[in-house]
Amino acid sequence: MDEKNISIKETMDELISQAREAAAIFSQYNQDEVDRIVHRAAKAGAAKRIELAKMAHEETGMGVFEDKVIKNLFATEYIYSDTKDIRTCKLISDSVETGIMEYAEPLGIILGIVPVTNPTSTVMFKSLLALKTCNSIIFSAPRNALKCSIEAAKTIYEAALEAGAPDYCIRWVEQPSRDLTHALMTHPDVALILATGGMGLVQAAYSSGTPAIGVGPGNVPVYIEKSADIKRTVNDIIMSKTFDNGMICASEQSVVVDKDIADEVIERFKSQGAYFLNPEEIAKVQAIAIDPEKQSMSPKVVGQSPKKIAALVGITIPEDTKVLIAPLKGVGPEYPLSREKLSPILGFYVVNSLEEGVKVCTDIMYFGGLGHTAIYLFRESRCGKEV
Amino acid sequence: MLECRFEETEKVLFCAFKCRMDTINSGEVTRIFDAKLREIKERSPEGLKIVFDLKDVDYIASAFIRLCLIAAKAVDRGNFSIVNTDPQVKKVFKLAGLEAMLNIS
């Protein structure tokens, strides 16, 4: 075994041994103890939401600082409020009617994979889930989001410790590498992988042999049916697409509009700060936004503002542009902007009927977003049933 | 409240604990244990056996696991054992991967 592999093995053995001990100790905790720990940890994370958002924004160079604050708050306060009454320890239900008693058993060690797009919020969210279920968790974060991820993990860990959580219940990789992440994924003592990230990483988690819950790429179409409330839908799409500069994987990647309302939708988008790219500009944007070799979005545009993207590709756009919209004629490799972009760039399609709209949306989802999210906006409920 | 009893014969140190072995209690016990161990080892360093009786222990913290590991390393292989272990506590040792190493019954 060479030096590099020895170092990986040593790091992994230490992390696993600590996390295994923590998980063992955690298995003795009762619901009140766990709830107290989660409450304190969530409060600590929420209290540090601004500092962590600033760190994440500065370190990754992606997204919008203010939106990251909201994400951090959601990942702590909202998650706590949403789960605080759920029983997760030992006896969780006892039905007099059926005579069935349900017991919750911790899994042991969870491996948390952290995405560069939402590092601090993901770390805090996964930490709280692990604490709530009496499991220990080890984080592996990407190099360009390492400091903020570790800081987020430390924040939750220290608060949890103060509230009585076992030593080492939250661990993190100090010097991440692909080999170490792979070694952790395939370690027999890791009971579950919570994988958030790109396609390669999520696929690696699913094929590791360890049970995994993956949140991989999406390519989200939004179909605006002719009965939709145009003002509201355009407003919602822009708000969603500009949040953290479009880095949420459930945010819209392409807009599909019924022909009957297309002009009105376009005008509304323009009035709200959308800039429609012409064919030449589309060619320039797609050349930078989509990596032709990897056939996926380029990190150069992920989480960047329209202004920065425009400067990067060499086009001029109005100062107050919120979203770049690329009218496209098809879906597939020959239309690179029909892919997921995780930036304020939207594909735009006009369709003649509900059937065609559904077909285009389906094509978009099959082009890298299957199993994720699709959005259908309408007012007449029959359309929903038909779809 | 910490309750522990140490009995020593020439070759055996018997330690019975009667409390929740959380971080604080384990820390205190570790200090007492270390002193006892040093004293015994100065007297007769060879062939010592250590037995931990966990009959009245229903919770252990990481600090207590570390105490067990210290005890196991202080004597020859096989000369440390934990007896009367509550099933829940035994499960903790098992989950921590220490069941075989610490000779638990």
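Note that the coordinates shown come from a computational prediction; the quantities given were computed from them, not determined experimentally. Here is how names work: the chains are called A, B, and so on, in the same order as the sequence lines, proteins then strands, and each is numbered from 1.
Of the listed residues (A/Asp167, A/Asp189, A/Ile25), the greatest number of heavy-atom pairs within a distance under 4.5 Å of chain B belongs to A/Ile25.
Within a 6.0 Å sphere centred on CD of A/Glu77, other residues, nucleotides and ligands contribute 12 heavy atoms or fewer. In A/His187, the NE2 atom is crowded: over 12 heavy atoms of neighbouring residues, nucleotides or ligands sit closer than 6.0 Å. Enclosure of atom CD1 in B/Ile24 is not indicated, since only 12 or fewer non-hydrogen atoms of other residues, nucleotides or ligands lie within 6.0 angstrom. Around OH of A/Tyr78, the count of heavy atoms belonging to other residues, nucleotides or ligands within 6.0 Å does not exceed 12. Within 6.0 Å of NZ in A/Lys90 there are more than 12 heavy atoms belonging to other residues, nucleotides or ligands. Sparse packing is recorded around CD1 of A/Ile213, with 12 or fewer heavy atoms of other residues, nucleotides or ligands lying under 6.0 Å away.
With a 4.5 angstrom heavy-atom cutoff, B/Asp22 does not touch chain A via any of its atoms. Residue B/Lys94: no heavy atom, backbone or side chain, is found under 4.5 Å from chain A. Neither the backbone nor the side chain of A/Phe26 has a heavy atom closer than 4.5 Å to any heavy atom of chain B.
Looking only at side-chain heavy atoms (C-beta outward), B/Ile60 and A/Gln28 come within less than 4.5 Å of each other. Using a 4.5 Å heavy-atom threshold, the side chains of A/Gln18 and B/Ser62 count as separate.
Heavy atoms only, all atoms of each residue included: B/Ala96 and A/Ala24 are closest at N-CB, 3.6 Å.
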